[in-house]
> 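Here it is, the structure, as structure tokens.
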Amino acid sequence: MPLLHVEHLKKYYPVPSPLFAPRRCVKAVDDVSFDLNVGETLGLVGESGCGKSTMARLLMRLENPTGGSILLNGADLCAAKGEKLRRMRGNFQMIFQDPYGSLNPRMSVYSTIEEALKLHTKLNPEERAERISELLSLVGLKPEYARRYPHQFSGGQRQRIGIARALAVDPQFIVADEPVSALDVSVQSQIVNLLQDIQKQTQVAFLFIAHDLAVVEHISHRIMVMYLGRLAETGPARELCSKPAHPYTKALLSSVPSLDPKHKIGRIVLKGDVPSPLDPPKGCRFHPRCPMRQPICETEEPVLRQVPGASCGHCSACHFAEQVAQL
């Protein structure tokens, strides 16, 4: 059984409509299903507005889904409320994108981490102090930094504090919502390597959200590519990046700089903007921007299915996935 089982998850936001007009909704997440296993990192990539952050908020139960289910160790997160949901929150935590805005400037590092320990554990003050020292050492900070305040740290150090706070209650999985996008490139690699080291020690599972496929490929075991609220492609990280089976994935990969002479994907420039999730295109949602579209793409919506000849679990929502993978 997977640690996390998400099935047909949906999040629709109603928008005001003229009197007597049909009800309209922004389909931020539209029928998404996936599994996350113990000790695994699952990458989620896509352009801004594709639904990645909405997915994160749904998994954290910061928002209620419109439909579908989220099962954590078989327990339904969507049905949990009140005290039951509060107890379950110890099993899942989040690392936020902005290391500057995610920490309370009036709280010391000690108080920030201790707050989570008070909410989700029964440790006494001495045990909490010992646990905070362990966490700071785990993320590469000196325990004596515990009495300092956020403004006394760099961006990378603040993100390490955020990671320590997320790990405080020994969660089973963590959603990392673009945790390195606000950091310098040199610091990004340090944080990514830190997350990998932590996973080896604790077997925590990560849903790693980003728009940079190069970072996601490095840290992830599997990758999901999201476009306009739905999954366009999913599969093992190395195979998906070396043999993409969806034109959108291929376009994303073409934008990643590479010094590898075997990197054969030329730069693919997508024309136009991402369509509005309020009124997604009929047929394949990507077809207005797809350089490989055919008439069937404009009328028939492709389903996410196994790519012929690919590894098990490599799936693509493209009518011509096999041909795309061979290009």
Side-chain angles (χ1 to χ4, degrees), residues 2 6 8 29-37 40-47 50-52 55 207-272 274-275 280-327:
V6 176
H8 303 301
V29 175
D30 192 12
D31 197 14
V32 172
S33 301
F34 63 90
D35 290 336
L36 177 64
N37 300 310
E40 180 184 37
T41 298
L42 179 60
L44 178 60
V45 299
E47 294 173 281
C50 72
K52 304 188 302 297
M55 176 72 72
L207 178 69
F208 189 91
I209 301 174
H211 60 269
D212 187 342
L213 255 174
V215 174
V216 174
E217 180 186 5
H218 177 73
I219 194 175
S220 303
H221 299 97
R222 292 185 294 124
I223 294 176
M224 300 187 299
V225 180
M226 200 168 184
Y227 184 79
L228 211 59
R230 289 194 174 180
L231 295 184
E233 186 173 0
T234 180
R238 289 187 178 181
E239 181 174 313
L240 184 143
C241 291
S242 61
K243 292 184 178 179
H246 195 285
Y248 179 59
T249 309
K250 194 175 283 287
L252 290 179
L253 285 166
S254 76
S255 65
V256 178
S258 176
L259 297 176
D260 187 355
K262 297 180 181 180
H263 187 78
K264 299 179 180 179
I265 300 178
R267 185 74 171 93
I268 301 173
V269 180
L270 297 178
K271 298 180 179 180
V274 179
K282 295 181 179 179
C284 176
R285 298 189 174 197
F286 184 59
H287 87 258
R289 307 173 71 197
C290 182
M292 304 175 66
R293 65 180 179 271
Q294 300 294 326
I296 188 176
C297 305
E298 301 178 14
T299 58
E300 186 176 330
E301 185 170 13
V303 297
L304 191 68
R305 56 189 174 188
Q306 175 71 31
V307 178
S311 299
C312 181
H314 188 175
C315 303
S316 173
C318 178
H319 294 296
F320 307 100
E322 186 174 10
Q323 293 91 318
V324 174
Q326 293 174 354
L327 293 176

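The first residue of the sequence shown is numbered 1, and numbering continues consecutively from there. Please read these numbers as outputs of a predicted model, since none were measured by experiment.
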> If you compare all heavy atoms of Pro236 against all heavy atoms of His314, which two are closest, and at what distance to 0.1 Å?
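Scanning both residues completely, I find the closest heavy atoms to be CD-CB, 4.1 Å.
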> Counting only N and O atoms by type, is there a donor-acceptor contact under 3.5 Å from the side chain of Ser242 to the main-chain atoms of Glu239?
yes
> Counting heavy atoms not belonging to Lys52, are there more than 12 under 6.0 Å from its NZ?
yes
> Under 4.5 Å between any side-chain heavy atoms of Tyr227 and Pro280, yes or no?
no
> So, taking the atom named SG in Cys50 and the one named NE2 in His211, what distance separates them when rounded to the nearest 0.5 Å?
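Output value for this atom pair is 11.0 Å.
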> How long is the gap from OG1 on Thr234 to CE on Met226, to the nearest 0.5 Å?
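Thr234 atom OG1 to Met226 atom CE measures 11.5 Å (nearest 0.5 Å).
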> Look at the side chain of His246 and the backbone N and O of Ala317, then say whether any donor-acceptor pair between them is shorter than 3.5 Å.
yes
> Side-chain contact, heavy-atom cut-off 4.5 Å: Leu228 with Pro281?
yes
> Answer yes or no: is there a side-chain heavy-atom contact under 4.5 Å between Leu327 and Met292?
yes
> Considering the options Val225, Leu253, Leu213, which one meets the side chain to side chain contact (heavy atoms under 4.5 Å, CB included) requirement together with Pro244?
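Among Val225, Leu253, Leu213, the one that satisfies the side chain to side chain contact (heavy atoms under 4.5 Å, CB included) with Pro244 is Leu253.
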> Can Gln294 and His287 be counted as having a side-chain donor-acceptor contact under 3.5 angstrom?
no
> Evaluate the criterion side-chain contact (heavy atoms from CB on, under 4.5 Å) for residue pair Leu240 and Glu217; output intermediate values, then yes/no.
CA-CA 9 Å; Leu240 184 143; Glu217 180 186 5; over 6 Å; no
> Roughly how far, to the nearest 0.5 Å, is the SG atom of Cys284 from the CZ atom of Arg293?
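Rounded to the nearest 0.5 Å, the CZ-SG separation comes out at 10.5 Å.
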> Could you check Met224 against Leu207 for side-chain contact (heavy atoms from CB on, under 4.5 Å), going step by step and ending with a plain yes or no?
CA-CA 10 Å; Met224 300 187 299; Leu207 178 69; 4.2 Å; yes
> If you look at every heavy atom in Cys318 and Pro302, which pair is closest and at what distance?
N-CB, 3.9 Å
> Might you point out which heavy atoms bring Ile223 and Cys241 nearest each other, and give the distance in Å?
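In terms of heavy atoms, the two residues are closest at CD1-SG, 3.9 Å.
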> Say whether, by atom type as modelled, one donor and one acceptor occur between the side chain of Glu233 and the main chain of Ala245 under 3.5 angstrom.
yes
> Answer yes or no: is there a side-chain heavy-atom contact under 4.5 Å between Leu304 and Arg230?
no
> Under 3.5 Å, is there a donor-acceptor pair between the side chain of Gln306 and the main chain of Gly313?
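The answer is yes, because a donor-acceptor pair under 3.5 Å joins these two groups.
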> State the CZ-CG distance between Arg222 and Leu42, to the nearest 0.5 angstrom.
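The CZ atom of Arg222 sits 5.0 Å away from the CG atom of Leu42.
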> For a quick test of reading the model, state the closest non-hydrogen atom pair linking Met55 to Phe34 and the distance between them.
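Distance-wise, the nearest heavy atoms are SD-CE2, 3.9 Å.
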> If I take atom NE2 from residue His221 and atom CZ from residue Arg238, how far apart are they, to the nearest 0.5 angstrom?
10.0 Å
> Are Leu270 and Phe286 side-chain neighbours, meaning at least one heavy-atom pair lies under 4.5 Å?
yes
> Report the distance from atom OH of Tyr248 to atom CZ of Arg285, rounding to the nearest 0.5 Å.
13.5 Å
